[in-house]
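Written out below as structure tokens is the structure these notes cover.
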Amino acid sequence: MDYKEIISEAISSLLLNKTRTGLAALGVIIGIGSVIALISLGQASQKAVENQIQSLGSNLLTISPRGASVGGVQRAGGTGTTLTLDDALAILKQFRGSLVNDVSPEFSGRRQVTAGRKNINTQVIGVYPQYAQIRKIQIDKGYFISTRDVEGMTRVAVVGPQVAIDLFGEGTNPVGKSIRIEGIAFKIIGQTLAKGGQGFGNPDDSIYIPLSTAQKQIFGANYLTSIAVEVKDDNIMTDAQNQIGYFLLERHRLTSPENADFSIFSQADVLSTASSVTSTFTTLLAGIAAISLLVGGIGIMNIMLVTVTERTREIGLRKALGAKNKLIIIQFLLEAVILTLSGGVLGIVLGITVSFFLSHSMGLPFTVSLLSILLSFGVSVLVGIIFGIYPARKASKLEPIEALRYE
Amino acid sequence: MPTIIEVSNVRKVYKNDSVETIALEGISFKVQKGEFVAIMGPSGSGKSTLMHILGLLDKPTSGKYFLEEEDVSLLNEDRLAELRNRKIGFVFQAYNLLPRISALKNVALPMIYGGLEEEEGLIKAKRLLEMVGMGDRLLYTPSQLSGGQQQRVAIARSLTMNPSLILADEPTGNIATSQAEEIMKIFVDLNKKGHTIVIITHEEDIASYAQRIIYLRDGKIVKESKSKRIVKKLV
């Protein structure tokens, strides 16, 4: 058996009907192309999320109250009222120097903010001065909230650049201007440096006020919505997480971690959650793309069945001339595989092109993994074999006399 | 002279649903090496069925068929394919050339299945095409050739693997009378060179090129005779 001859015959018979071959391959091209594009886009966005979360600091622990239980229904995290300023100060007192650099007690919620006729709904965060350092917020103009502001319960605010634009328009310095939060006048003392969009609670679209002012005058609450803890070193994150956890349990007079009315998570936890979300999405999208590959494969099978019927006489002749069944199967299988493989190669090129332009326009890093390319090669060969085997077997089972007689 | 074909009491019955059609009813004959035999009969006489059995494309319902003294009724499909490739050269009424490839490649085609080297095959194919008078049209595709020319290519193809037997089924059936004579002359020449030929036809004229004619009617051999042409020559 001369495989070179069989391959060149397969190619020439595919080239005989270029339109049909092209259309049949199109299904595989689109299928493979979209799998490649979606996988590399998924990886790109995952990378982007990782970068963002890492930029928040890898030595940050966030403590949130466990969701309040109302009539037996567990509400979302952050709605509980069990976390207090005393908790935050106690943690600092207990662990400062050994495990912890600093602690930032926080209260945040969305409120209506007005300046002149402008009216926006945005995130208002009551903070301690430590907030800026722990949450890596930098000041662009003016000053951040000071200890005196917190102690004096002053009505001062620091705004994010997006808030400044929304309230005063682009290019205006908001420092010194006055805004109203829930009708109470605040004087702007500073503006933060733009940090870039960050999904949950964009820091550029937030207003920072002293914690005491926020609790007493705006939100009317004596608890905290979160405590951020800066741990001394990222190597002791787990240790810190455990020790602070047990310390708080004791303070809240709880006996076991299962009953904890708070939760502590690190950036690594957030990262893994976010990663698992994006990877679920990537898998889902790739799954949808794989369905289009399946449809493409069915198209290949359809065309191969038509080809077998059209070439019944040829198959009969080949058998009369001494072709064994195995060789007939190989011939038609090879045609199907060459068809899907060339579709796969074009699909890979298409997928890379699409993901290049998409990631460019979405501002994501452009990544193409070698694995997904190799996988696509394998998959397109596999599609050829899976959807080619039935037509090929059908061809090999033709009776030579019937096949020769066929008009 | 060794025996190429020995058919002994061959019956072939087709079953279609519950209706049985008897195509061959106890046929026995021998063909010796170097013979040129015509099997003649009207349509429905069973000659095509016989041709398929002789060509190992079909199996008899009962009876024995020895090809070069080998009982072929017991062989599996792959072995039959091998025998078709090496021992039998087919010439069909409709030529059955592959339309996409050149005359040269068509002639070389059986070698893909017989395991010959491509280069060696093409040299041989060229020589065979020259022998049947197609040396100037090696690279023509079948659609560029007349019926007679296509049949010459098909005859060349039947010789590719040096078969023990050339089996021709109505080889002139689709060809103009003027060209038919030339085709038959090629068979006569091949026979003179020692090839064993069995030709199936319903035309007396064509059968008369053979040395021996077997007459078939309703699935039975009704008569066997020396060809008139040879009789004429003898007279």
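Scope of the values below: all heavy atoms of this structure, side chains included, with no hydrogens, waters or symmetry mates. Letters A, B, ... are given to chains in the order of the sequence lines, protein chains preceding strands, and every chain is numbered from 1.
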Those residues of residues 145-174 of chain B that come under 4.5 Å of chain A on a heavy-atom basis, listed by number, are B/Arg157
Note: vs chain B, highest number of non-hydrogen pairs under 4.5 angstrom among A/Pro400, A/Ser13, A/Gly316, A/Ala320 is A/Ala320
Quiz item: Which of parallel (below 30°), tilted (30 to 60°) and perpendicular (above 60°) describes B/Phe36 and B/Phe187?
Solution: tilted
When the 4.5 angstrom heavy-atom criterion is applied to A/Arg318 and chain B, the contacting part is both
Looking only at side chains, do A/Glu9 and A/Ser12 share a donor and an acceptor under 3.5 Å apart? no
dist A/Glu314:CD -> B/Asn96:CG (nearest 0.5 Å) comes out at 10.5 Å
* Ion pair present between B/Arg86 and B/Glu68, side-chain N to carboxylate O less than 4.0 angstrom? -> no
message = Would you say that B/Ile200 contacts B/Leu50 through its side chain, given a criterion of any heavy-atom pair below 4.5 Å between the two side chains?
response = no
Q. Is it true that the side chains of A/Lys319 and A/Asn325 contain a donor and an acceptor less than 3.5 Å apart?
A. yes
Output for pair (A/Lys394 NZ, A/Thr309 OG1), nearest 0.5 Å, gives 5.0 Å
